[in-house]
Peer 1: 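Pasting in a structure now, in structure tokens, and then I'll have a few things to ask.
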Amino acid sequence: DGMGNLRVTKKGIRLEGISEFLLPLYVKEIHSRKDSPLVLQSDRNVTVNARNHMGQLTGQLTVGADAVEAQCKRFEVRASEGGKVLFSADEDEIVIGADRLKVTGTEGAVFGHSVETPHIRAEPSQDLKLESPTRSLVMEAPRGVQVNAAAGDLKATCRKELHLQSTEGEIFLNADTIRLGNLPVGSFSSSSSSSSSSSPSSSAPRQTIYELCVCPNGKLYLSPAGAGSTCQSSSNICLWS
């Protein structure tokens with residue numbers, strides 16, 4: 001039924017131990033024993049080719065010293081249970097079908113072009129940081145962009161100007177307390193006096209109530225509150241802005 005390590009059985013040919021092939025081997029299936037793994041070994045590369053009925057190469061898997069390369073129309077990685085596609089790649093797109101994509105590198109993930117996703121979140125008790133070190137960071141959605149901090153603060157910091165713009169709707173601020181810090185305080189001059197001093201007299205009570213005023217160009221400033229409105233378009237804040 002064979003010679004040496006080569007045996008002919010009802011199911012095919014059985015090789016025992018380590019076998020070496022100097023020329024191409026054409027088989028339909030290769031199986032290892034139930035209690036042993038199947039090892040393919042080469043001093044250089046291990047290449048597996050798939051061809052059609054005309055002998056044309058349709059797929060290739062190469063395991064080399066520096067890289068593992070796969071050349072085919074579509075590459076898929078499926079789960080052992082259920083056959084769910086965990087990863088697939090073709091010429092048009094790459095699809096990750098796992099429930100979670102986790103990037104553990106210290107530098108995070110770098111994308112050379114746009115990213116489309118319905119949800120980005122950080123690990124529990126970890127911060128989420130979206131950064132563009134040298135260019136702009138743009139978030140777009142046709143039906144809205146929502147940024148929510150359920151148990152913490154939401155901060156927006158920039159070096160120059162921060163623009164809030166609504167082309168057709170309104171900007172709505174809803175909170176128990178709205179604070180505008182570091183607003184300039186303008187001077188108020190009544191009709192009987194040309195201008196008032198920016199510092200009150202020592203006998204006058206300390207000013208604690210101010211009126212929020214808006215210049216014609218939209219700049220906000222504070223004016224000492226009086227019996228009537230103390231906002232003036234000719235205020236020094238509006239003239240100097």
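Note that the structure is predicted; figures quoted are calculated from it, not measured.
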Peer 1: Determine whether more than 12 heavy atoms belonging to other residues, nucleotides or ligands lie under 6.0 Å from atom CG of Asn52.
Peer 2: yes
Peer 1: Hydrophobic clustering (ILVMFWY, side-chain heavy atoms < 4.5 Å, transitive) - are Leu180 and Leu222 grouped together?
Peer 2: yes
Peer 1: Taking the side chain as everything from C-beta on, heavy atoms only, tell me whether Cys215 gets closer than 4.5 Å to Tyr221.
Peer 2: yes
Peer 1: Closest heavy-atom contact between Val46 and Gln41?
Peer 2: CG2-C, 4.3 Å
Peer 1: Looking at Met139 and Val145, what are the two nearest heavy atoms and their distance?
Peer 2: O-CG2, 4.0 Å
Peer 1: Indicate whether any N or O donor in one side chain lies under 3.5 Å from an N or O acceptor in the other, for Ser223 and Glu211.
Peer 2: no
Peer 1: If you take all heavy atoms of Lys73 and Asp90, which pair is closest and at what distance?
Peer 2: O-CB, 3.4 Å
Peer 1: Provide the closest heavy-atom pair for Gly59 versus Leu57 in the form atom of the first, atom of the second, distance.
Peer 2: O-CD1, 3.4 Å
Peer 1: Let me confirm one number: the OG1-CD distance from Thr58 to Gln71, rounded to the nearest 0.5 Å.
Peer 2: 11.5 Å
Peer 1: Under a 4.5 Å side-chain heavy-atom rule over Ile, Leu, Val, Met, Phe, Trp and Tyr, are Phe75 and Ile96 clustered together?
Peer 2: yes
Peer 1: Indicate if Val103 and Leu86 have the same hydrophobic cluster label, given that clusters are the connected sets of ILVMFWY residues with side-chain heavy-atom separations under 4.5 angstrom.
Peer 2: no
Peer 1: Can you list the steps and then say if Leu183 with Leu212 is a side chain to side chain contact (heavy atoms under 4.5 Å, CB included)?
Peer 2: CA-CA 9 Å; Leu183 288 180; Leu212 181 62; 3.8 Å; yes
Peer 1: Considering all heavy atoms of both residues, which atom of Ala89 and which atom of Ile94 are nearest to each other, and what is their separation?
Peer 2: CB-CG1, 3.9 Å
Peer 1: With a 4.0 Å cut-off, would you call Arg74 and Asp92 a salt bridge?
Peer 2: no
Peer 1: Count the heavy atoms belonging to other residues, nucleotides or ligands that lie under 6.0 Å from CG of Asp35, then report whether that count exceeds 12.
Peer 2: yes
Peer 1: Do Phe87 and Val95 have side-chain heavy atoms sitting under 4.5 Å apart?
Peer 2: no
Peer 1: Mind checking the CG-CD spacing from Leu239 to Gln232? Nearest 0.5 Å is all I need.
Peer 2: 10.0 Å
Peer 1: Looking at side-chain heavy atoms only, is the closest gap between Leu128 and Gln126 below 4.5 Å?
Peer 2: no
Peer 1: Is a side-chain donor or acceptor of Lys84 paired with a backbone partner of Gly97 at a separation under 3.5 angstrom?
Peer 2: yes
Peer 1: Rounded to the nearest 0.5 Å, how far apart are NZ of Lys219 and SG of Cys213?
Peer 2: 13.0 Å
Peer 1: Flag yes if more than 12 heavy atoms outside Leu130 fall under 6.0 Å of its CG atom; otherwise flag no.
Peer 2: yes
Peer 1: Which heavy atom in Ser166 sits nearest to a heavy atom in Ile171, and how many Å separate them?
Peer 2: CB-CG1, 4.2 Å
Peer 1: Rounded to the nearest 0.5 Å, how far apart are CG of Asn45 and OG1 of Thr62?
Peer 2: 6.5 Å
Peer 1: Roughly how far apart are Thr157 OG1 and Leu162 CG, rounded to 0.5 Å?
Peer 2: 9.0 Å
Peer 1: Walk me through it: do Val48 and Val63 pass the test side chain to side chain contact (heavy atoms under 4.5 Å, CB included)?
Peer 2: CA-CA 9 Å; Val48 179; Val63 180; over 6 Å; no
Peer 1: Quick one: do Leu154 and Val147 satisfy side chain to side chain contact (heavy atoms under 4.5 Å, CB included)? Show the steps, please.
Peer 2: CA-CA 8 Å; Leu154 178 63; Val147 181; 3.6 Å; yes
